[in-house]
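These notes concern the structure reproduced below.
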Amino acid sequence: MKQLDTYTYVSALRELVASGQTVSVRIAGNSMAPFLVDTRDSICFRAPDRPFQRGDMVFYQRETGQYVMHRIARVGPEGCYLVGDAQQLLEGPIAPEQIFAVVVQVQRKGIWIDASNFWWKFFAGPWLTLLPLRRVLLRLYSIFLHR
């Protein structure tokens, strides 16, 4: 079996998105928990077709070359500020040119959902507002999850 490094793999996905394709992949990493869980959930994304908005989940490339999927917390004239759902610190500004895809569906716990879903709306809205309290809220979530 041939193995690809993440950079090569996501670069290929990026080419598919640029050609108009919608792409689906299983997520890796914990930065979007508790909304999306490492290796359990998948995302479906495509090229952006409208201006970016607070709450959008986007795929972008950092200046270091690393590919990341996070949520937009704020859009400003200098770019977008992003954060994972399990994180407390904003990253940015990220230039719009660094963002190559918008997540349009996720498979969460085996069920495909879109932006009309309650949990999607919760993490795109109230959860972003609770950014200063996330450390405490995630700790409580962890305690109750492991009971």
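Only this structure's heavy atoms are used, side chains among them; waters, hydrogens and symmetry mates stay out.
Scored by the side chain to side chain contact (heavy atoms under 4.5 Å, CB included) test, Asn30 finds Asp38 as partners (sequence neighbours excluded).
In this structure, Val17 and Ala47 approach most closely via the heavy-atom pair CG1-N, 3.3 Å. Shown here for Trp112 and Gln105, the closest heavy-atom pair between the two residues is CE3-CB, 3.8 Å. Scanning all heavy atoms of the two residues, the minimum distance from Pro96 to Gly79 falls at CD-CA, 4.4 Å. Among all heavy-atom pairs drawn from Glu97 and Arg14, the shortest one is O-NH2, 4.1 Å. Between Val37 and Pro34, the shortest heavy-atom distance links the atoms CG2-O, 4.3 Å. The two residues Phe59 and Val68 come nearest to each other via the heavy atoms CD2-O, 3.2 Å.
One distance of note links CD1 of Ile72 with CG of Asp56; it measures 5.0 Å at 0.5 Å rounding. To the nearest 0.5 Å, the span separating CD1 on Ile94 from CG on Leu82 amounts to 6.0 Å. The CZ atom of Arg108 sits 6.0 Å away from the CZ atom of Arg40 when rounded to the nearest 0.5 Å. One distance of note links CZ of Phe35 with CZ of Arg71; it measures 6.0 Å at 0.5 Å rounding. To the nearest 0.5 Å, the span separating CZ on Arg46 from CD on Gln21 amounts to 12.5 Å. Taking CD1 of Ile111 as the start and CG of Asn117 as the end, the distance is 9.0 Å to the nearest 0.5 Å.
Between Leu89 and Val83 there is no side-chain heavy-atom pair separated by less than 4.5 Å. Looking only at side-chain heavy atoms (C-beta outward), Met57 and Phe123 stay at 4.5 Å or farther from each other. Counting only heavy atoms from C-beta outward, the side chains of Cys80 and Ile99 approach each other to under 4.5 Å. Side-chain contact between Phe118 and Ile113: absent, with no pair of heavy atoms (C-beta onward) separated by less than 4.5 Å. Side-chain contact between Thr129 and Arg54 is present, with at least one heavy-atom pair separated by less than 4.5 Å. Proximity of Leu90 to Arg74: side-chain heavy atoms (C-beta onward) are separated by under 4.5 Å at one or more points. With contacts defined as side-chain heavy-atom distances shorter than 4.5 Å, the pair Phe100/Tyr67 qualifies.
Under the 4.5 Å side-chain heavy-atom criterion for grouping Ile, Leu, Val, Met, Phe, Trp and Tyr, Val23 is connected to Leu36 within one hydrophobic cluster. Met69 and Leu13 fall within a single hydrophobic cluster, where Ile, Leu, Val, Met, Phe, Trp and Tyr side chains are chained together by heavy-atom contacts under 4.5 Å. A single hydrophobic cluster is seen to contain both Leu128 and Leu131, as judged by linkage of ILVMFWY side chains at heavy-atom distances under 4.5 Å, directly or through other members. One hydrophobic cluster holds both Val75 and Val102 under the rule that ILVMFWY side chains link at heavy-atom gaps under 4.5 Å.
Using modelled atom types, one side-chain atom of Asp41 and one backbone atom of Lys109 make a donor-acceptor pair closer than 3.5 Å. For the pair Gln98 (side chain) and Gln61 (backbone), a donor-acceptor distance under 3.5 Å is present.
Within a 6.0 Å sphere centred on CD of Glu63, heavy atoms belonging to other residues, nucleotides or ligands number 12 at most. Counting heavy atoms of neighbouring residues, nucleotides and ligands inside a 6.0 Å radius, atom CH2 of Trp119 does not exceed 12 of them.
Partner Phe45 forms a side-chain contact (heavy atoms from CB on, under 4.5 Å) with one of Val25, Val104, Val106 and no other, that one being Val25.
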